[in-house]
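Take a look at the structure set out below.
Chain naming here is simple, since letters A, B, ... match the order of the sequence lines and numbering starts at 1 in each. These numbers come from the heavy atoms of this one structure, side chains and all, not from hydrogens, waters or symmetry mates. Since this is a predicted model, take the numbers as computed values, not measurements.
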Amino acid sequence: MIEARGVTEDVGAVYLHCDVDKMYYSVEALESPALADEARAVIISVDPREYPRAVVTTANGVARSIGITSGMSTAIATRLAREQGVEVVYVPPRHDVYSRYSRRLMDLLRTETPLLEQRSIDEAALDWQQHGFAPEPVARLRERILKEIGLSVSFGLAANLLVAKMASEVAKGREDHLCVVGPGEEAAFLAPLSVRALVGIGPKSEARLRGFEISTIGQLAEQPLAWLVEQFGAAYGRYLHHASRGEDDSTLVGEHTYKSVSAEHTFARDTVDRVEIWQRLQAQAQEVSERLRHERLVASEVAIKVRYGVTWETITRQQQGARRGCGGAHAQVVDAATDPADRPARGQARARARRRSADAARVNTPSPKGRGGSARPLEDVEPAGEAVGDVDQAIRGDEHVVELDARTAWWRLGHEVRDLARSGRIGDVHDAQASVEPRDVDHVGIDQAAGPHLVQVVRAESSAA
DNA sequence: TCTGGGGTCCTAGGACCC
DNA sequence: TCTGGGGTCCTAGGACCC
């Protein structure tokens, strides 16, 4: 609202999206000033000689100039550097340090707005209505952050959250690190950008769109809604239609509530060692358990996810546990393994385990996008002033996660497992059933009768792809 | 050359109920 | 004895984001 000649005029929403430039690298450079003008390629990553499957989290300008980008395999980045005669420095990531800086930044930003929503460790969206679209207040904020924290932040200013975020990306390449998109200018601002730049369009969708000779957001915006829905499904089709026109009516919701909690791990080398896999699984169950307890959450669904093989195939098994009345769980164990002997030179398989909690539907608010409104992830059992009994329940639910995981002990028990081991690798398991009956899992004790379920959990795969 | 770890959301299909 | 159609719940899989 602005006051003009005594009349209050509604100027509509204004959002400021903030995005820290090269967050991890910038923090490391603040902590170790010599890094700031390092002439070598600095890669924030564990050393690939120790962890061959490491990836680049962030890289400095020198590294970027030779084509090293975030998410790239560190081994590949290293090779790129070698080919171009550039020396490389690896700086192992220190997430606790980045989190500390992140908290300081968010605290500072909160002093400048009535409503802030943290979007990731280095991004936030702010209600900026009180300042409007003028560049000066943003410039002052940027200076303040530089002075008080030392980080360089880029800003996008727009009438909706989607465009503000995309503007902040464009701002990174500008000297003043600010991009303002005035009301009504959204579609024109987006039109020349690549479809890949649109939030929600990744490699797969980009490829499909290019197949239709659609390469810019402007071209996407020209497509009829009905056609997009037909090609991409109801929700995504509608999203593409509106987003490409710069339309977004989402609003800031303030504090974030988790819908899932998970832990995952990628083995340094492929493995079929069931004891090793089992131990890792247990450790991750423990980790998720502790986090749930710490957050005082009850989970109602458990999922296990395994990813492996040349094609990085992912299989998941999940089970709701809410029926049992104390939450239940949702754990994911991601990634397993194939026999390295099969692919000696490549070692594609990675294994990780993720445990995720979810769904204890009894908390009132139905999911805005949920299917019937009853299922809700993660129940917060300690809203202010909750009774102790509820805390007990939280812990019970939490133990349930572990318990359900313990049921999985059949992984390594029984002669069936020996049979499986003899088969050499997961991909060789035959006659597996494609699904796990929840009833079966309920009845599974830690006994040999449960053995065959292993086959169900790690579904048979055709060999060697 | 060979792919981290933490998340979110959507869709398809089967089971089950009425 | 064979079979409809709608709604909901649940599971598996996939795409995407930082």
*Strand contacts (DNA chain C) in residues 57-74 of chain A, 4.0 angstrom heavy-atom criterion*: none
Heavy atoms from C-beta onward define the side chain here; which of [options] lies closest to that of [X]?
{"X": "A:Ile315", "options": "B:dT3, C:dG13, C:dC18", "answer": "C:dG13"}
{"X": "A:Trp312", "options": "B:dT3, B:dC2, B:dT8", "answer": "B:dT3"}
{"X": "A:Arg291", "options": "B:dC10, B:dG6, C:dA12", "answer": "B:dG6"}
{"X": "A:His256", "options": "B:dT8, C:dA15, B:dG5", "answer": "B:dT8"}
{"X": "A:Gln320", "options": "C:dT11, C:dC16, C:dC18", "answer": "C:dT11"}
{"X": "A:Val55", "options": "C:dA15, B:dT3, B:dC2", "answer": "B:dT3"}

*asked:* Looking only at the aromatic ring of each residue, does the gap between the centers of A:His241 and A:Tyr239 stay below 6.0 angstrom?
replied: no
Phosphate oxygens OP1/OP2 of [N]: is one of them under 4.0 Å from a side-chain N or O of [X]?
{"X": "A:Thr266", "N": "B:dG5", "result": "yes"}
{"X": "A:Thr316", "N": "C:dG13", "result": "yes"}
{"X": "A:Arg196", "N": "C:dC17", "result": "yes"}
{"X": "A:Ser260", "N": "B:dG6", "result": "no"}
{"X": "A:Gln318", "N": "C:dT11", "result": "no"}
{"X": "A:Arg53", "N": "B:dC2", "result": "no"}
{"X": "A:Arg119", "N": "B:dT8", "result": "no"}
{"X": "A:Lys165", "N": "C:dC17", "result": "no"}

Using a distance-only test with no angle check, is there a side-chain donor-acceptor pair under 3.5 angstrom linking [X] and [Y]?
{"X": "A:Glu31", "Y": "A:Tyr101", "answer": "yes"}
{"X": "A:Arg53", "Y": "A:Thr74", "answer": "no"}
{"X": "A:Ser120", "Y": "A:Asp122", "answer": "yes"}
{"X": "A:Glu123", "Y": "A:His17", "answer": "yes"}
{"X": "A:Asp248", "Y": "A:His242", "answer": "no"}
{"X": "A:Ser244", "Y": "A:Gln219", "answer": "no"}

Atom-pair distance ([atom1] on [X]; [atom2] on [N]), nearest Å:
{"X": "A:Gln319", "N": "B:dA15", "atom1": "CD", "atom2": "P", "result": "17 Å"}
{"X": "A:Phe232", "N": "C:dG14", "atom1": "CZ", "atom2": "C1'", "result": "15 Å"}
{"X": "A:Glu230", "N": "B:dT11", "atom1": "CD", "atom2": "P", "result": "15 Å"}
{"X": "A:Leu162", "N": "C:dC17", "atom1": "CG", "atom2": "P", "result": "11 Å"}
{"X": "A:Tyr239", "N": "C:dC17", "atom1": "OH", "atom2": "C1'", "result": "11 Å"}
{"X": "A:Gln284", "N": "B:dG5", "atom1": "CD", "atom2": "P", "result": "9 Å"}
{"X": "A:Glu264", "N": "B:dT8", "atom1": "CD", "atom2": "P", "result": "13 Å"}
{"X": "A:Glu117", "N": "B:dT8", "atom1": "CD", "atom2": "P", "result": "13 Å"}

*Short question: side chain of A:Arg64, backbone of A:Ala59 - any donor-acceptor pair under 3.5 Å?*
yes
Check every strand shown and say whether [X] touches a base, only sugar-phosphate, or nothing at a heavy-atom separation below 4.0 Å.
{"X": "A:Ala234", "result": "sugar-phosphate"}
{"X": "A:Leu198", "result": "sugar-phosphate"}
{"X": "A:Ile201", "result": "sugar-phosphate"}
{"X": "A:Pro203", "result": "sugar-phosphate"}
{"X": "A:Val46", "result": "nothing"}
{"X": "A:Glu287", "result": "sugar-phosphate"}
{"X": "A:Ser45", "result": "nothing"}

*Inter-residue atom distance A:Ile68.CD1 - A:Gln84.CD, 0.5 Å rounding*: 8.0 Å
_Aromatic plane relationship, A:Phe232 with A:Tyr236 - under 30° parallel, 30 to 60° tilted, over 60° perpendicular_ = perpendicular
*Mind checking the P distance from C:dC17 to B:dT3? Whole angstroms is fine.*
22 Å
*Are A:Leu209 and A:Arg196 side-chain neighbours, meaning at least one heavy-atom pair lies under 4.5 Å?*
no
*Would you call A:Trp227 and A:Phe212 a side-chain contact if the rule is heavy atoms closer than 4.5 Å?*
yes
*Take A:Arg79 and A:His95, find for each the nucleotide of DNA chain B with the closest heavy atom, and name the residue whose nucleotide sits nearer the 5' end.*
A:Arg79
*Taking only Watson-Crick and G-U wobble pairs with both distances under 3.5 Å, what dot-bracket line describes DNA chain C, where [ ] shows pairs that cross earlier ones and | shows pairs with another strand?*
....||||||||||||||
